[in-house]
There are 2 protein chains.
Amino acid sequence: MSEIITQSIQDYLKHIYELNENGNTASTNDLAARLNIAPASVTGMLQKLASVSPALVVYKKHQGVTLTRAGEKAALEVIRHHRLLELYLVKALGYSWDEVHAEADRLEHFISEDFEARVAEALGHPERDPHGELIPTADLTMPMDESCPLASLRTDETATVKRVSDDDPALLRHLLEIGVLPEVKVIIENYSELDGNLTLHVEGQKSKIVLGTAITKRIFVEK
Amino acid sequence: MSEIITQSIQDYLKHIYELNENGNTASTNDLAARLNIAPASVTGMLQKLASVSPALVVYKKHQGVTLTRAGEKAALEVIRHHRLLELYLVKALGYSWDEVHAEADRLEHFISEDFEARVAEALGHPERDPHGELIPTADLTMPMDESCPLASLRTDETATVKRVSDDDPALLRHLLEIGVLPEVKVIIENYSELDGNLTLHVEGQKSKIVLGTAITKRIFVEK
DNA sequence: AATGTATTTTAGGTTAGACTAAATTATTTG
DNA sequence: CAAATAATTTAGTCTAACCTAAAATACATT
């Protein structure tokens, strides 16, 4: 009875997974905003995903949605595809790190398990994609992520950049320019109570930079 | 007003192109057989493709269908994607020539123009795919094909294999085994009036082989 | 030219996945 | 705690692309 997991369903599951990562359930509205779909349509799909067998999500009216193990597996499969593709596009076809997201977002739904395995092999079974995001393993478990948002650091703290959000090309180009890349060390020179801005020194760069929370919330570091 | 060319439409156009290659118009039934779609559904789609603006096909009731220049361009785009992907899968990811068709058939619809250009570059702008089929150029023209079916040769003729159909993995495995590959020379030892079988000697092989028309019609050679 | 067969078209129906407008339920705030 | 606001759900539509059954047309043969 195992149902067909369409491209559309894969997108729902992927975004539910990401919204669940902070321990929260995903709300209808948040999902709708992420998927660019009307909230009413999302409700319909969530009801369907909950009633399919095996169920892919646990859904209670007005209380948001979480993934079942079956839903999580399907989500991790798509995320694995996405991140392997991103790295492959950079390493094998010379894409820059701000160009890969859109391409991977389409192809992730259509590559075979064979293709996935060959790409993983060609890349030497990598742990992270070009933005530092962890790649789910072949047996569909997500490695532990120890990182926290750069925005949570305070004056005089030191940390290593681990990953950055991959979905905003303009942000990625900016980060490349100012040298904020995975595995680069940063020192917080100042935290502003007023606007949350961080002034920081980036390893290998001459001048200090100031970043607002719109940016620092999307950069993840380990202390 | 240029309409969206969906995956489904791309499939129709690709198969119409292939059916038109021998100079014939494509019949509703032939198309239905190729696409694995009921003839009635094909009629509906052909009417739509003819009435869209710009028209993608020229369609007259009961008289089959041909492509307009716009339809041909769209078809060549898909075929270029397919053949570049096939070659890339073999050269870069170690696929064998009987494994690539299914993967390329899915991905051809979803790669970007950027991806296409990078793959073409990585392959050195190749002329032919792993089965010897000609790859449409970047400006969407199909190179001249001078080949004819092996089935049309007669006793004592000599020829070079140029290409073989890519869509039957079992046939491809068999041809690999008997050494019938692009650029290999063959000599016709005998033609049988009765069943059309050809007995031939393949360059580099010890023993002669006998092939029926189901096979020899799918192998193309130049004399 | 008439008739049988094969091909093609029409008509009506289904499914997935979206939409909008209106109704309902929760949450926040005065 | 009631009213306002925000979030969610229901109900009814729409489109693309398929389906089947029946009708119509074309073609092939006597």
Side-chain angles (χ1 to χ4, degrees), chain A residues 1-16 19-20 24-66 71 74-75 78 105-106 108-110, chain B residues 1-16 19-20 24-66 71 74-75 78 105-106 108-110:
Chain A
M1 299 281 177
S2 184
E3 310 287 330
I4 294 155
I5 297 186
T6 63
Q7 177 185 356
S8 176
I9 292 176
Q10 288 179 5
D11 278 332
Y12 276 88
L13 297 176
K14 183 173 76 162
H15 283 101
I16 294 168
L19 287 168
N20 283 170
N24 308 322
T25 64
S27 77
T28 300
N29 258 18
D30 288 355
L31 257 178
R34 285 226 184 193
L35 293 164
N36 258 300
I37 287 173
S41 308
V42 173
T43 298
M45 181 60 103
L46 293 181
Q47 290 169 340
K48 177 180 160 182
L49 296 182
S51 65
V52 127
S53 133
L56 296 168
V57 305
V58 176
Y59 174 63
K60 284 181 185 151
K61 278 189 189 186
H62 296 276
Q63 309 204 157
V65 69
T66 54
V78 181
D105 240 18
R106 259 177 298 111
E108 64 188 8
H109 304 296
F110 305 108
Chain B
M1 300 278 178
S2 183
E3 310 288 329
I4 294 156
I5 298 187
T6 63
Q7 177 184 356
S8 176
I9 292 176
Q10 288 179 4
D11 278 332
Y12 275 87
L13 296 176
K14 183 174 74 162
H15 283 101
I16 294 167
L19 287 167
N20 282 172
N24 309 322
T25 65
S27 77
T28 300
N29 259 17
D30 287 356
L31 257 179
R34 285 228 184 192
L35 293 164
N36 258 301
I37 287 172
S41 308
V42 172
T43 297
M45 179 61 102
L46 293 181
Q47 289 169 340
K48 177 180 160 184
L49 296 182
S51 66
V52 128
S53 136
L56 296 168
V57 305
V58 176
Y59 173 63
K60 284 180 186 153
K61 278 189 188 184
H62 296 277
Q63 308 203 158
V65 69
T66 54
V78 182
D105 239 17
R106 259 177 297 112
E108 64 188 9
H109 305 295
F110 305 108

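Chain identifiers are assigned alphabetically (A, B, ...) following the order of the sequence lines, protein sequences preceding nucleic acid strands; residue numbering begins at 1 within each chain.
The shortest distance between side-chain heavy atoms of Ile16(A) and Leu31(A) falls below 4.5 Å. Within the 4.5 Å cutoff, the side chain of Asp11(B) has no heavy atoms near those of the Val78(B) side chain. Taking the side chain as every heavy atom from C-beta outward, Lys14(B) and Glu108(B) approach each other to under 4.5 Å. When side chains are defined from C-beta on, Ile9(B) counts as touching Thr6(B), because their heavy atoms get closer than 4.5 Å.
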Using a cut-off of under 3.5 Å, enumerate the N/O to N/O pairs linking the protein to nucleotides 3-11 of chain C.
{"unit_1": "dT8(C)", "atom_1": "OP2", "unit_2": "Asn29(B)", "atom_2": "N", "d": "2.9"}
{"unit_1": "dT8(C)", "atom_1": "OP2", "unit_2": "Asn29(B)", "atom_2": "OD1", "d": "3.3"}
{"unit_1": "dT9(C)", "atom_1": "OP1", "unit_2": "Tyr59(B)", "atom_2": "OH", "d": "2.3"}
{"unit_1": "dT9(C)", "atom_1": "OP1", "unit_2": "His62(B)", "atom_2": "N", "d": "3.0"}
{"unit_1": "dT9(C)", "atom_1": "OP2", "unit_2": "Thr28(B)", "atom_2": "OG1", "d": "3.2"}
{"unit_1": "dT9(C)", "atom_1": "OP2", "unit_2": "Thr43(B)", "atom_2": "OG1", "d": "2.9"}
{"unit_1": "dT9(C)", "atom_1": "OP2", "unit_2": "Tyr59(B)", "atom_2": "OH", "d": "2.7"}
{"unit_1": "dT10(C)", "atom_1": "OP1", "unit_2": "Lys61(B)", "atom_2": "NZ", "d": "3.3"}
{"unit_1": "dT10(C)", "atom_1": "OP2", "unit_2": "Gln47(B)", "atom_2": "NE2", "d": "2.7"}

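The two residues Thr25(B) and Gln63(B) make their nearest non-hydrogen contact at OG1-O, 3.4 Å. Taking all atoms of both residues into account, the shortest heavy-atom contact from Asn20(B) to Ala26(B) is ND2-N, 3.3 Å. Looking at every heavy atom in both residues, Gly64(A) comes nearest to Tyr59(A) through O-CD1, 3.7 Å.
With a heavy-atom cut-off of 4.0 Å to chain A, the contacted part of DNA chain D has its first and last nucleotide at dA7(D) to dT10(D).
The interatomic distance linking Ile37(A) (CD1) with dG17(C) (P) rounds to 10 Å, in whole Å. What separates CG of Leu31(A) from P of dG17(C) is a distance of 15 Å, to the nearest Å. The distance between atom OH of Tyr12(A) and atom C1' of dA16(C), rounded to the nearest whole Å, is 11 Å. The interatomic distance linking Leu49(A) (CG) with dA16(C) (C1') rounds to 12 Å, in whole Å.
Contact annotation: Ser8(A) side-chain N/O to dA18(C) OP1/OP2 distance is under 4.0 Å.
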Which donor-acceptor pairs under 3.5 Å do the side chains of residues 35-49 of chain A make with protein atoms, sequence neighbours left out?
{"unit_1": "Thr43(A)", "atom_1": "OG1", "unit_2": "Pro39(A)", "atom_2": "O", "d": "3.4"}

